[in-house]
Enquirer: 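Here it is, the structure, as structure tokens.
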There are 2 protein chains.
Amino acid sequence: MTTYHPLNEAEAIEIARTLDGIFAPGAELKCREIGDGNLNLVFHISDPAAGSSIIMKQALPYAKVVGESWPLTLDRARIESEALILEGKLAPGLVPNVYLYDKELALTVMEDLSDHIIMRQGLISGGRYPLFADHISTFLAQTLFYTSDLGHNQQEKKLRMAGFINPELCKITEDLIFDHPYTDADTNNFELAIRDEAEALWNDGELHFEVALLREKFLTQSQALLHGDLHTGSIFITPESTKVIDPEFAYFGPIGFDIGAVIANLLLNYAAREGRDSDENEREAFRAYLLETVKDVWTQFHSKFLTLWDAHGVDRLAAAAPGYKANYMQRLLQDTFGYAGCKMVRRIVGLAHVADIDKIEDAAARERAQRLALSIGKDLIKQGRKATSIDQLIDTALSATAAVKV
Amino acid sequence: MTTYHPLNEAEAIEIARTLDGIFAPGAELKCREIGDGNLNLVFHISDPAAGSSIIMKQALPYAKVVGESWPLTLDRARIESEALILEGKLAPGLVPNVYLYDKELALTVMEDLSDHIIMRQGLISGGRYPLFADHISTFLAQTLFYTSDLGHNQQEKKLRMAGFINPELCKITEDLIFDHPYTDADTNNFELAIRDEAEALWNDGELHFEVALLREKFLTQSQALLHGDLHTGSIFITPESTKVIDPEFAYFGPIGFDIGAVIANLLLNYAAREGRDSDENEREAFRAYLLETVKDVWTQFHSKFLTLWDAHGVDRLAAAAPGYKANYMQRLLQDTFGYAGCKMVRRIVGLAHVADIDKIEDAAARERAQRLALSIGKDLIKQGRKATSIDQLIDTALSATAAVKV
């Protein structure tokens, strides 16, 4: 079984039996393949009698997205596994435990999180997660600070960077987030009703300039080890627990990209409330909850990152230079605005969408949600470099919402 | 001879005989070790009868600077050799040809440039190099554009980055250029006469803030493959020819660092004229030549880089976004100011100095030169982020010179 091939369920069970301390010898194991088959096989293996279970994730040597198929390196399984293990050390309890990584099979065996749900689904159903902002801001602050030049030996950081060079998955982001939505690209995917919005994106020079700057940072700024794809579909959640999964896009990039991803996906759900809530009061209450969460994510990240920096900073000059910390944090906020905006825009007109909005049944409500998301996204991109406070981001969402209502 | 050990002259000759097409079989070869023994052995091997010769450079497993000795990776020989070969492809004729690289022995065999002199010595003696600005701006534009995300496949660039991770030599720069001069560090090395200047550097918060930003970029901005140590001691020159050598500090960093290094070393010679020229007219004429060269280096780099970008740019959005090219080039200019300033300051108060100034015999003239270099350096660092034209850099040098005279 050592040469790479996609596993079947019997083989998955065979590997599961070799793990130490998970299943009793001779236990009757059940196995279901539960992946969507686009990028990976995902096996759920359980011993129903003992109530124990694991997840086994195997990378496939290709990607399938909306009918397209292209070859994709199996090395992403190594990157995902190494990123998960590192994140687990830096942010204990906020990622699944990894039990085994098999390089040859591009296979990661990890903790089963079936008692959690995907956060995107939770939010769509109106679920509230009062601990989420605390958990995700801890995850962001711990993983980003301790892999940056501020919190980690600067020579070891360079060596670590070599292990997280991730050209193929970075290219997906470079194309689908930082290029295609701003030109008439074949991969774009939007509804006919908002073709005017798509064309406006293709012809907005001011926006192109800002996106080019954000694209440049994504290509060149090796600030910290990012998760790289931190949307609400990469987060398993319960009211008590938050687990970040799927860091196969991990690479050393700009910190604001990860924070922006979290905030963009909360705001996409905010826009989706157009077609999600049965009455206006309910909608407004849930939107208020979402904006409060957005603000808490930034505010708590800001405070935790600075606390780590004060206590564990490794860069003498960065700590000593007057005004540098405040300037650094403000630039992270500005990047967060810009990347959040880019992530919203691409989910409306680019290749990959979000269920929050796409699954709205009422066409008029769906269109309103799409226009609202684009309006917020474009505003955030254009405001980015001038931003000084997270309140400006909240105000942007509120103003755009008021404009859509009129 | 395959296990690493420092070669003796007989062994060097033995290796030279194995090279194809350099020396005739049975030729009588002479060998002299001509290195300074600080970092490398350098053998000059020649066949005087035929008039042919080569240079053989072997890395030593330690560095000696001003009596200190610390271990240093032999991997720098690989980095130097690979950088030289790549630079030779991108800027033909502007680096020595590489005939052989032996990984095990950390040995690079290359073209002998004994008909050239080290540019620093040439400038000290009042030599003028009318083709230098053209040559070095070509070297800079070609090597920096074609290794950046603007001129090279962006996925291959990432893979190439992994081969130029250079933690030990980057640390030398991070410490000696971007930290120690701004605090009372043991490695600092300055004359008692300018202790007031050193203490002013340690207590200048505005300066620390700007240096912290430049240090951050050096640590995180993977813009292009830099030479990394492009001072006038790394350039062999004649009035007709320019050859860049010694890229052992090569790594992916901010483009302005290389341009700033060239300009800083021209300006250090400019400052050194205090004690170099026999009369005022001669001094003013040579300084005018140096400032003209500084301006030409930037102006020609700017023009050549943009020409390459227009003709061979690989990034759709970077070319299409209105105003982006001009903004990018302005940021390169600003970085050039800042890095030039840092490189001047460290050569006066930091560990490693330049002969241009240190070898001035008259103590008063030497002190004036040191104060002038520091004045220009600090001004450039503080102006950097506001700079819009190379003329401002020239004006800074002229104003500082006028102030020193008064």
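Given the structure is predicted, the values throughout are model-derived calculations rather than measurements. Per chain, numbering begins at 1; letters A, B, ... match sequence-line order.
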Enquirer: Sequence neighbours left out, what pairs pass salt bridge (charged side-chain N to carboxylate O under 4.0 Å, His left out) with at least one residue falling in residues 159-172 of chain B?
Expert: B/Lys171-B/Asp175

Enquirer: Salt bridge or not between B/Asp204 and B/Lys378? Use side-chain N to carboxylate O under 4.0 Å.
Expert: no

Enquirer: Can you say whether A/Asp149 sits under 4.5 Å from chain B via the side chain, the backbone, both, or neither, judging by heavy atoms?
Expert: side chain

Enquirer: With a 6.0 Å cut-off (strictly less than), is the heavy-atom count around CG of A/Asp186, excluding the residue itself, greater than 12?
Expert: no

Enquirer: Between A/Gln221 and chain B, which part of the residue has a heavy atom less than 4.5 Å away: side chain, backbone, both or neither?
Expert: both

Enquirer: Tell me whether the rings of B/Tyr251 and B/Phe218 are parallel (<30°), tilted (30 to 60°) or perpendicular (>60°).
Expert: tilted

Enquirer: Listed by residue number, which members of residues 321-331 of chain B have a heavy atom under 4.5 Å from any heavy atom of chain A?
Expert: B/Ala321, B/Pro322, B/Gly323, B/Tyr324, B/Asn327, B/Tyr328, B/Arg331

Enquirer: Could you check whether the rings of B/Phe178 and B/Phe257 sit parallel, tilted or perpendicular, using 30° and 60° as the cut-offs?
Expert: tilted

Enquirer: Tell me whether A/Asn188 contacts the main-chain N or O of A/His180 through its side chain, where contact means a donor paired with an acceptor under 3.5 Å.
Expert: yes

Enquirer: Is B/Leu213 in contact with chain A via its backbone, its side chain, both, or neither, using a 4.5 Å heavy-atom distance?
Expert: both

Enquirer: Using a 4.5 angstrom heavy-atom cutoff, name the option from A/Met161, A/Gln223, A/Glu216 with the most pairs to chain B.
Expert: A/Glu216

Enquirer: Would you confirm whether A/Thr183, through its side chain, and A/Ala185, through its main-chain N or O, come within 3.5 Å as a donor-acceptor pair?
Expert: no

Enquirer: Mark yes or no for whether B/Arg346, through its side chain, and B/Leu351, through its backbone, hold a donor-acceptor pair below 3.5 Å.
Expert: no

Enquirer: Is it the backbone or the side chain of B/Leu159 that comes under 4.5 Å from a heavy atom of chain A, or both, or neither?
Expert: both

Enquirer: Is chain A contacted by the side chain of B/Lys157, its backbone, both, or neither, given a heavy-atom distance below 4.5 Å?
Expert: side chain

Enquirer: Verify, without hydrogens or angle tests, whether B/Ser148 (side chain) and B/Phe145 (backbone) share a donor-acceptor contact under 3.5 angstrom.
Expert: yes

Enquirer: What part of A/Glu210 lies closer than 4.5 angstrom to a heavy atom of chain B: side chain, backbone, both or neither?
Expert: neither

